[in-house]
**Student:** 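Structure provided below as structure tokens; questions to follow.
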Amino acid sequence: MDSKFTKPYDPSQTEGRIYERWEESGYFDPDNLPGERSEPFTIVMPPPNANGDLHAGHALFITLEDLFTRFRRMQGYKALWLPGADHAGFETQVVYEKKLEKEGRSRFGMDPKELYDEILAFTLENKKNMEKQVRELGASCDWSREKFTLDPDVVAEVQRTFVKMHEDGLVYRGKRTVNWCPKHQTSLSDLETVNVEETTPFYTFKYGPFDIGTVRPETKFGDKYVVMHPDDARYKDWKHGQTLDVEWINGPITATVIKDESVDPEFGTGVMTITPWHSQVDFEIAKRHGLDMTQIIDWRGKLLPIAQEFESMKIAEARSKIVEKLSVKGLLVSTDEKYQNVVKRCYKCNTMIEPQVKDQWFVSMKPLAKMALDSVDRGEIAFIPENQGKVFRYWMENTLDWNISRQIVWGIGIPAWFRNRGEADEQIVASVERPGGDGWEKDTDTFDTWFSSGQWPLLMTGYPDGKDYATYYPTDVMETGHDLIFIWVPRMIIFGLYLGKKAPFHSVYLHGLVNDAHGKKMSKSKGNVISPLDLTGKYGTDALRMSLVVGNTPGTDLALREDKVKGYKHFANKLWNIARFVLENTEGTEAVPTLVDADAKLREELDALVTDVTKDMEEYRVYLAAEKIYHYVWHRLADEILEESKPVLAGEDAVAKASRQTLLLSLLTDSVKLLHPFMPFVTEELWGSIPGTEDLLMVAPWPR
RNA sequence: GCGCGGUUAGCUCAGUUGGUAGAGCGCGUCAUUGACGUUGACGAUGUCGGGGGUUCGAAUCCCUCACCGCGCACCA
């Protein structure tokens, strides 16, 4: 009998040691796994951002992916879980800018190379921290195949993809409205902005014979087009293209009448003026009619010289002054103070987004989205839960072209070159190498981080000619948060189909958010953030893992309660004591070849559970599988079978006793196996004490 | 505005193809020096959000309403 059983189970004395044994065994690498294995099982880890500590959401995905992997490894697959780390472009740059701010520094004015190197050092330091924490959670991923999104081979491949897409006409340079964050000095995708409903005064001004409404008087300096619906009877006497002189903010101007169907006659007076440079809708109208576009607000959010006396003023300051001036001129008709308006803000700093027209690189999404939809229609990708497929579909059917340029240094450089930039004879070349001839200037923009992470399943498996690519691509399951269903998942599918000619995974498992004990979203400002590492320190990693899995259906948010974690710590100890009892009572005994009838029945009962649970695992109902095993072990094996075994073990009937001893040892062995994917540490520790076991539990065959 | 969820025991949630309602925690009573007090046994609490329909039978399928949550959105 092992002396370790004298104390309650102590995770802190076990986990580090066990993880080292796993790592030293080499079994995280499928090439080293024992036995004949032909069928691969592959998961690509969503690369955590290398810019801070792991949070509860990371703990959830690591638990799920680890248990999928461990299950398949025990089933005899060439199980491979590929870890990575994401430089997380804008996200990390924002984190780093905050750090600079605290030190009284700013990225503006810094040498780009110097800034890049500083962020790189910061990220690499965090990457080490992140990897350590992933290990602490028991992740059986193959560290020898780890990749970072800024590894040279990754960067090179991502850049090649851009050039290829440009050659195929799927990437274009376009002058378009972008979401500009005046604080961060970069454009953002729609997904990097938040729409906030606000109460903003709605002004109605006299514009010649018309009344026009606006919430943004500060953009109105350049408005020289007045637009109405072509069928609006009230304005039928005004002809498209007709001009008129109107008195405006800084004096008289000549306005032109434009008829456009996008104007809603029901809204306000049915007439509006447009500011194409600072509004997406207005831009579209201007483009349709070939109208002039003038920039009114600069990149810092201040008014340009066109505003005359208001030049250099910040928007917030200028707005009321402009209204005042128009009011004095008798041009203010009315003010609705209670107007509900949706305002776009930067998702990181909450600064009001200023639409600006800018030359950027765009991906043509229509043909790519169609490819993705067709693949899903052919049944090549299953969504778990199924309803997430609807969300995916909605998104793919309504996708807009994707702006992939970011004006930040922290990222993969866009391989494009300009000659005579900004001139009439501007030349642009997409190429990794500098084009021949003089005067080429490199694009200083970097890719949106999703441009590289979208290619992650390909890059991780060594696309296009790495040694693993043929074996491990396409992968089996992509497990990630349901909040990424339209941010990341579609991009991986698109790149997978476009470059790899196959959908990058067969299934998408989408977990919900991990919320606090009352189901409220965790946030630093609310102070309800639960750190997974605090919990594992207190109750053990196995306990945290169980509490994240049991009853946690995919797609549904989870309330993480400390008492639940505590409950599974008790369970780990229960298992510990079950093992202790069984091992004490079977020490030195030989297994008998046949069980007495009563024992055979108990053995069959567990066999039935194995069948049931295996099916659940294969169909990703791990939340049910975990609960069933838990129930069996505690309330059937311990409460009933062990209790009724006591008289048998103490009794005179040697045949019954030997049969029961054989039974108990086999029930324990299989219970420990079944629990291993969920509670890898305590089960591996027990495995070493069960007689007749060889090698590590992590490679023991799954019971049948 | 559009979309997606949810509504089941005091709390947090399961309930896979329709077959007499479940778990954990909490609560109550009792037991136990036991493999384990990080224990065990027993127990109480539910018109499964409202209404309608399909069915021999509905928490489960269909329709509808209400409320809560989340996401998306270029109405000036």
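The basis for the numbers below is simple: all heavy atoms, side chains too, and nothing from hydrogens, waters or symmetry mates. Chain letters run A, B, ... following the sequence lines, proteins first, then strands; residues in each count from 1.
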**Student:** The side chain of A:Glu584 lies closest to which of these nucleotides: B:A35, B:C72, B:G40?
**Tutor:** B:A35

**Student:** Hey, does the side chain of A:Lys344 come within less than 4.0 Å of B:C74's phosphate (OP1/OP2), counting only N and O?
**Tutor:** yes

**Student:** In whole angstrom, what separates A:Arg216's CZ from B:A76's C1'?
**Tutor:** 12 Å

**Student:** Among B:A41, B:A76, B:C36, find the nucleotide with the atom closest to the side chain of A:Lys220.
**Tutor:** B:A76

**Student:** Once you apply the 3.5 Å cut-off to both distances, tell me the Watson-Crick or G-U wobble partner of B:A14, or none.
**Tutor:** none

**Student:** Should B:C67 form a Watson-Crick or G-U wobble pair with both distances under 3.5 Å, which nucleotide is its partner?
**Tutor:** B:G6

**Student:** Establish, yes or no, whether a centroid distance under 6.0 Å links the rings of A:Tyr394 and A:Phe486.
**Tutor:** no

**Student:** Work out how far the P atom of B:U20 is from that of B:G57, and round it to whole angstrom.
**Tutor:** 15 Å

**Student:** So, is A:His635 near the phosphate of B:G24, with a side-chain N or O under 4.0 Å from OP1 or OP2?
**Tutor:** yes

**Student:** C1' atom, B:C56 versus B:G49: distance in rounded Å?
**Tutor:** 27 Å

**Student:** I'd like the C1' distance from B:A44 over to B:A21, given in whole Å.
**Tutor:** 16 Å

**Student:** Does A:Glu643 make a side-chain donor-acceptor contact with the base of B:A35, cut-off 3.5 Å?
**Tutor:** yes

**Student:** Is A:Asn179 close enough to B:C74 that one of its side-chain N or O atoms is under 4.0 Å from OP1 or OP2 there?
**Tutor:** no

**Student:** Could you tell me how far B:A23 sits from B:U45 if I compare only their C1' atoms? Round to whole Å.
**Tutor:** 15 Å

**Student:** State the pairing partner of B:G57; accept Watson-Crick or G-U wobble contacts with both distances under 3.5 Å, and report none otherwise.
**Tutor:** none

**Student:** Looking only at the side chain of A:Glu627 (C-beta and beyond, no hydrogens), which of the listed nucleotides B:C72, B:C74, B:A23 gets closest?
**Tutor:** B:A23

**Student:** OP1 or OP2 of B:U16 sitting under 4.0 Å from any side-chain N/O of A:Tyr623?
**Tutor:** no

**Student:** Considering the options A:Arg345, A:Arg216, A:Lys344, which one meets the salt bridge (Lys or Arg N to Asp or Glu O under 4.0 Å) requirement together with A:Glu354?
**Tutor:** A:Arg216

**Student:** With distance as the sole criterion, do the side chain of A:Arg561 and the base of B:U12 form a donor-acceptor contact below 3.5 Å?
**Tutor:** no

**Student:** Side chain of A:Glu192, backbone of A:Ser189: donor and acceptor closer than 3.5 Å?
**Tutor:** yes

**Student:** So, does the side chain of A:Lys390 form a donor-acceptor pair with the base of B:C4 at under 3.5 Å?
**Tutor:** no

**Student:** Nearest to the side chain of A:Val391, heavy atoms from C-beta on, is which of B:C4, B:A76, B:U12?
**Tutor:** B:C4

**Student:** Is there a donor-acceptor pair under 3.5 Å between the side chain of A:His278 and the backbone N or O of A:Ile296?
**Tutor:** yes

**Student:** Side chain of A:His570 only, heavy atoms from C-beta on: which candidate in B:U38, B:C4, B:U16 is closest?
**Tutor:** B:U38

**Student:** Return the value, rounded to whole Å, for the distance between atom CZ of A:Arg580 and atom C1' of B:A35.
**Tutor:** 6 Å

**Student:** Do A:Lys646 and B:A35 share a donor-acceptor pair, side chain to base, under 3.5 Å?
**Tutor:** yes

**Student:** Output the single nucleotide from B:C13, B:U16, B:A35 whose closest atom is nearest the side chain of A:Leu642.
**Tutor:** B:A35

**Student:** Closer than 3.5 angstrom, by distance alone: can the side chain of A:Gln360 be matched with the main-chain N or O of A:Val178 as a donor-acceptor pair?
**Tutor:** no

**Student:** A:Phe486 side chain: which of B:C72, B:G15, B:G40 is closest?
**Tutor:** B:C72

**Student:** Is the phosphate of B:A14 approached by A:Lys564 (side-chain N or O, under 4.0 Å from OP1 or OP2)?
**Tutor:** no

**Student:** Between B:G18 and B:C62, how many Å separate the two C1' atoms, rounded to a whole number?
**Tutor:** 13 Å

**Student:** Would a distance-only check, ignoring hydrogens and angles, find a side-chain to backbone donor-acceptor pair under 3.5 Å from A:Thr669 to A:Ile690?
**Tutor:** no

**Student:** Under 4.0 Å from OP1 or OP2 of B:C4: is there any side-chain N or O of A:Asn387 that close?
**Tutor:** no

**Student:** Determine: side-chain N/O of A:Tyr339 to OP1/OP2 of B:A76, distance under 4.0 Å, yes or no.
**Tutor:** yes

**Student:** Look at A:Thr553 and B:A14 and indicate whether a side-chain polar atom (N or O) is within less than 4.0 Å of OP1 or OP2.
**Tutor:** yes

**Student:** Main chain of A:Lys220, side chain of A:Trp248: is a donor-acceptor contact present, judged purely on distance under 3.5 Å?
**Tutor:** yes

**Student:** Using the C1' atom as the point on both nucleotides, what is the distance between B:G51 and B:C11, in whole Å?
**Tutor:** 29 Å

**Student:** Of all the choices, B:U16, B:C4, B:C72, which nucleotide is nearest to the side chain of A:Arg621 once you look at every atom?
**Tutor:** B:U16

